> 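Next up is a structure, given as structure tokens.
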Amino acid sequence: MRPLFKYKYYVIILAVAGFWLFLIMLPPLLVSLSIERSSLFLYFVFSPLCHQIAERSFFLRGYPLPVCSRCFGVYSGLLLGILIFPLIRGNKYMKVIDRRYLFIAAFPIMADVILMSLGIYPSNRWTRFFSGLGFGSILAFFALPAFFQMTFLLLRRGGIRNLLR
Amino acid sequence: MKTEEYTRPVLIAGAIAGVLSAVPLVNLLNIICCLWILVGGVIGVYILKSDSGRKIEYGEGALIGLLSGLVAAVVSTVLNTLLALAGLNIGMMMMQRMINRFPEFEQFRDMMSAARVGVFSIITGLLFSLVIFGAFGALGGVIGTAIYGKKKETGAVA
């Protein structure tokens, strides 16, 4: 694979992940700057993706993020995973790690949800955040190579339109 | 890789995810990281694997999930529009919830009109859905491949 291929698409997906996180942090910043209309619109955009319960969300400048702490952890983890991917996987951009790691990474989230539902321990924003962070970080090691494989697949077939002919 | 294999899994998985994302109350589960769209991606991979009987690579799974998400976006937009015309406007309910939560937004009740059924709201909603459902569908396809795919990957793309 040509070096330019992987760098170009790596930068694209890194920028998308970073932009997504930026969009999440934008609504409370806008409200604090009295730009309420745009902030309301962004809260509305994120409303189908998360319950947005303030007690389970982090606050920024006195206002809750438009997603809960667990979702924020997952998205942060995805960005973190994408950032550290080259350090850990080197040139293996198209190769996915063993799927065992994904199931192991999902365990803290499931345990957090189950234990909290059973009332065994009180889950808080940070346990939700870190359980999501772990899962998101590992998910990046699946999503990034999958993205590269998918892009390579589409380029070889000449785009989605040709793919469906 | 035979692309004609994709049609059935994409259409079935996309239809299931789209319907579940539109049915009132059931669609609330989408607040768990677009759960139905993730499930749609997983279903798409499962159907492809069952139909083809061959190993599915992660890139292919992501592609199936992406396409299923796009189909789900169209299906859910159509169904949500029909529901809104029948008097059940989910978009307006969500906007109402936002305004009720924050006193700062009370002055923007006029924005609720943007959530009413119209060409602008349908097109905007469809565009957002295509992007969001496509991305989460691709993630669902990746997760589906991890569940139903082979144990060790060679990195080869069919």
Side-chain angles (χ1 to χ4, degrees), chain A residues 16 20 27 31-32 34 36-37 39-54 63-64 66-68 70-71 74-75 78 92-103 106 113 132 139 142-154 156-157 160 162-165, chain B residues 1 3-4 6-7 10 21 27-28 30-34 37 57-67 70 76 90-91 93-95 97-99 101-102 104-108 110-111 114-115 128-129 132 135-136 138-139 141-143 145-147 149-158:
Chain A
V16 168
W20 183 249
V31 177
S32 69
S34 301
E36 291 98 348
R37 193 180 284 269
S39 173
L40 173 59
F41 177 72
L42 284 172
Y43 275 114
F44 177 68
V45 166
F46 280 100
S47 60
L49 305 181
C50 185
H51 52 70
Q52 295 182 318
I53 297 173
Y63 295 94
V67 298
C68 68
R70 197 188 313 280
C71 288
V74 172
Y75 301 134
L78 263 172
K92 298 174 188 172
Y93 276 80
M94 296 263 271
K95 200 167 175 188
V96 178
I97 59 176
D98 195 308
R99 63 182 179 171
R100 260 179 292 182
Y101 294 108
L102 189 65
F103 301 138
V113 171
L139 184 62
F142 289 81
L144 192 58
F147 171 75
F148 273 101
Q149 289 183 17
M150 183 178 70
T151 307
F152 193 64
L153 204 67
L154 286 172
R156 263 188 16 182
R157 301 293 288 194
I160 287 183
N162 287 338
L163 191 72
L164 298 174
R165 280 192 191 148
Chain B
M1 182 196 74
T3 54
E4 49 270 23
Y6 289 3
T7 307
V10 164
S21 298
N27 64 357
L28 287 177
N30 261 345
I31 61 173
I32 309 172
C33 278
C34 270
I37 309 307
E57 299 288 345
Y58 280 90
E60 224 179 340
L63 185 58
I64 290 293
L66 170 71
L67 295 173
L70 297 180
S76 72
I90 307 294
M93 288 179 191
M94 284 179 171
M95 183 70 83
R97 191 175 72 132
M98 286 288 99
I99 292 171
R101 279 182 68 201
F102 299 100
E104 294 86 354
F105 295 152
E106 183 60 42
Q107 57 184 311
F108 299 118
D110 62 305
M111 281 182 72
F128 275 121
S129 298
I132 302 292
F136 280 88
L139 279 177
V142 170
I143 294 170
T145 310
I147 297 171
K150 57 185 178 178
K151 281 184 184 173
K152 231 176 183 181
E153 192 179 74
T154 60
V157 179

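Every chain is numbered from 1, with letters handed out A, B, ... down the list of sequences. If you're wondering where the values come from, they're calculated on a predicted model, not measured in any experiment.
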> Suppose we screen for side-chain contact (heavy atoms from CB on, under 4.5 Å). Which residues come up paired with A:Ala146, at least two apart in sequence or across chains?
B:Tyr58, B:Ala62, B:Val142
> With sequence neighbours left out, what residues match B:Ala135 under side-chain contact (heavy atoms from CB on, under 4.5 Å)?
none
> Identify the two heavy atoms, one from A:Met150 and one from B:Leu66, that lie closest to each other, and give their separation to 0.1 Å.
SD-CD2, 4.1 Å
> With chain A, which of B:Ile32, B:Ile143, B:Ile132 has the greatest number of heavy-atom pairs at distances under 4.5 Å?
B:Ile132
> Where do A:Arg99 and B:Ile147 come nearest, in terms of heavy atoms and distance?
NH1-O, 3.2 Å
> According to the interplanar angle, ranging from 0 to 90°, do the rings of B:Phe136 and A:Trp20 count as parallel (below 30°), tilted (30 to 60°) or perpendicular (above 60°)?
perpendicular
> At a heavy-atom separation under 4.5 Å, does A:Leu102 approach chain B through its side chain, its backbone, both, or neither?
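The side chain, not the backbone.
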> Side chain, backbone, both or neither: which part of A:Tyr75 has a heavy atom under 4.5 Å from chain B?
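Contact with chain B is through the side chain of A:Tyr75 alone.
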> Sort A:Val45 into side chain, backbone, both or neither according to what part of it lies under 4.5 angstrom from a heavy atom of chain B.
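Side chain of A:Val45 only, per the 4.5 Å heavy-atom cut-off to chain B.
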> A:Ser39 versus chain B, heavy atoms under 4.5 Å apart: side chain, backbone, both or neither?
both
> What part of A:Phe46 is in contact with chain B, defined as an atom under 4.5 angstrom from a non-hydrogen atom: side chain, backbone, both or neither?
neither
